[in-house]
Amino acid sequence: MKTKKQINIFIVEDNKIFALALKSDIETSFADFHVKVRTFETGEDCMDKFKEVKPQIVLLDYHLNTQKLNAADGVKVLDWIKKENNETYVVMLTRDDNIDIALQSFKHGASDYIVKSDTQFRKIIFSIFNIFKIITSKSEAKRYKKIVIGICLSIAAIVGFVLAIQIFAPSVF
Amino acid sequence: MSKSEESVCDFKYLKDLVNGKSDLIANLMDVFINQVSDELQCINEAIINTDYKTITRYAHTMKSSVSIMGISKLSPVLNKMEKLGKIETDIEKIKQLNLELNDICTKAIIEIEKEKHNY
């Protein structure tokens with residue numbers, strides 16, 4: 001499955017080495033796709049670029065205030081993203097295996113919630129792949145919808161034309 | 001390193017992440033060394049000041065940092081530090097754990113510096 005359109009992915013993560021490693025893994029795993037990955041240390045930095053780029057996917061860390069104490073936390077940033085563009089898929093990342101955080105994330109509009117563990121990168125790549133499938137399916141559904149509407153309109157036009165001839169020039173048939 | 005000393009890093013994890021690209025591996029190693037050195041300094045200062053909140057924050061974040069180099073020995077150490085930091089208790093135990101943390105990180109940095117020459 002390949003997408004023709006460029007997919008923009010933001011990583012919002014205050015742990016620099018983790019963000020770089022994740023970026024590398026995504027670029028390696030999706031080398032055949034048109035993927036552009038950008039990393040940000042805070043939600044504030046992310047939102048500055050968000051309006052310009054409108055990423056399809058955001059990988060968002062729950063705890064964003066290790067380095068900068070006043071940085072907004074993951075849920076707040078999630079709210080900002082959803083307010084700006086509700087279509088953006090947000091995957092929440094955290095080391096806390098906590099059902100309350102998971103529920104909170106989904107309640108605020110996250111598409112997925114991944115606990116950072118030994119298999120963290122596999123889980124993230126799998127989540128992104130699933131989102132790609134959804135994006136592709138939605139795009140194809142839109143295309144088929146347009147085709148069906150086009151066919152229906154054509155049929156309606158033909159039927160209307162035939163009716164018009166029957167009414168105004170019945171001798172034709 | 002002598003045969004009796006176990007290595008603390010697992011570079012296979014890192015190599016798989018970047019599909020063996022040498023420049024990326026070297027860059028990640030440099031970032032890791034700088035970042036972990038800073039994080040250790042912050043945790044050490046927090047312990048001197050008995051700043052449990054900072055200890056908790058950095059113990060939490062270091063779990064992600066050390067995972068990149070496959071330093072699995074540090075997971076239980078950082079988990080315990082984070083737990084004790086959250087309930088703001090037993091600073092002496094935290095200090096002991098911190099000694100172990102610093103020791104393993106120092107060994108890790110030495111291993112990484114050696115391994116870097118291959119890239």
Side-chain angles (χ1 to χ4, degrees), chain A residues 9 11-33 35 37 39-42 59-74 91-98 100-101 114-126 128, chain B residues 9-39 41-43 46 51 53-72 74-76 78-79 81-83 85-86 105 108-109 112:
Chain A
I9 300 177
I11 298 172
V12 189
E13 168 65 67
D14 61 351
N15 188 317
K16 199 173 173 186
I17 184 74
F18 185 87
L20 278 177
L22 179 54
K23 180 174 187 269
S24 300
D25 195 28
I26 293 170
E27 286 168 349
T28 301
S29 302
F30 295 102
D32 292 339
F33 292 70
V35 167
V37 184
T39 61
F40 304 91
E41 283 188 29
T42 64
L59 307 174
L60 175 60
D61 189 33
Y62 185 80
H63 293 286
L64 286 168
N65 61 349
T66 307
Q67 310 292 338
K68 295 176 184 172
L69 293 174
N70 296 326
D73 67 26
V91 178
M92 195 68 93
L93 308 174
T94 178
R95 283 245 158 230
D96 296 321
D97 191 0
N98 184 324
D100 292 329
I101 295 176
I114 289 171
V115 176
K116 293 177 187 174
S117 62
D118 290 345
T119 54
Q120 57 203 1
F121 290 116
R122 287 292 148 261
K123 287 187 278 191
I124 294 168
I125 296 302
F126 187 69
I128 294 173
Chain B
C9 298
D10 179 2
F11 296 116
K12 186 186 176 300
Y13 187 67
L14 177 66
K15 286 173 195 172
D16 286 346
L17 273 182
V18 300
N19 209 24
K21 289 176 193 161
S22 307
D23 53 341
L24 278 174
I25 292 174
N27 183 39
L28 283 168
M29 285 178 170
D30 281 334
V31 171
F32 178 86
I33 290 168
N34 290 331
Q35 183 175 314
V36 163
S37 303
D38 287 344
E39 285 169 350
Q41 198 177 339
C42 289
I43 258 191
D51 179 356
K53 284 191 166 62
T54 304
I55 292 167
T56 307
R57 254 189 6 256
Y58 276 95
H60 180 86
T61 206
M62 281 190 81
K63 286 192 283 188
S64 295
S65 312
V66 302
S67 71
I68 305 305
M69 294 294 158
I71 311 173
S72 51
L74 280 178
S75 293
L78 289 165
N79 276 332
M81 285 180 80
E82 189 186 359
K83 258 188 192 158
K86 267 185 189 165
C105 284
I109 289 171
I112 292 165

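Letters A, B, ... are given to chains in the order of the sequence lines, protein chains preceding strands, and every chain is numbered from 1. Not measured: the values here are computed from a predicted model.
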Under 4.5 Å from any heavy atom of chain B - which part of A:Lys116
side chain
Starting at [atom1] of [X], measure out to [atom2] of [Y] and round the result to the nearest 0.5 Å.
| X | Y | atom1 | atom2 | answer |
| --- | --- | --- | --- | --- |
| B:Asp38 | A:Lys16 | CG | NZ | 10.0 Å |
| A:His63 | B:Arg57 | NE2 | CZ | 11.5 Å |
| B:Asp16 | A:Phe121 | CG | CZ | 11.5 Å |
| A:Asp25 | B:Leu14 | CG | CG | 10.5 Å |

For the pair A:Asn15 and B:Ser64, evaluate side-chain hydrogen bond (donor to acceptor under 3.5 Å, both in side chains) and give the outcome as yes or no after the intermediate values.
CA-CA 7 Å; A:Asn15 188 317; B:Ser64 295; 4.5 Å; no
Can you name the nearest heavy-atom pair linking B:Ile68 to A:Ala21, along with the distance?
CD1-CB, 3.7 Å
Sort B:Leu28 into side chain, backbone, both or neither according to what part of it lies under 4.5 angstrom from a heavy atom of chain A.
both
Can you establish whether the number of heavy atoms outside A:Asp97 located under 6.0 Å from its atom CG is more than 12?
no
Do the side chains of B:His60 and A:Asp96 get nearer than 4.5 Å, heavy atoms only?
yes
Do A:Ile17 and B:Met29 come close enough that some side-chain heavy atom pair is under 4.5 Å?
no
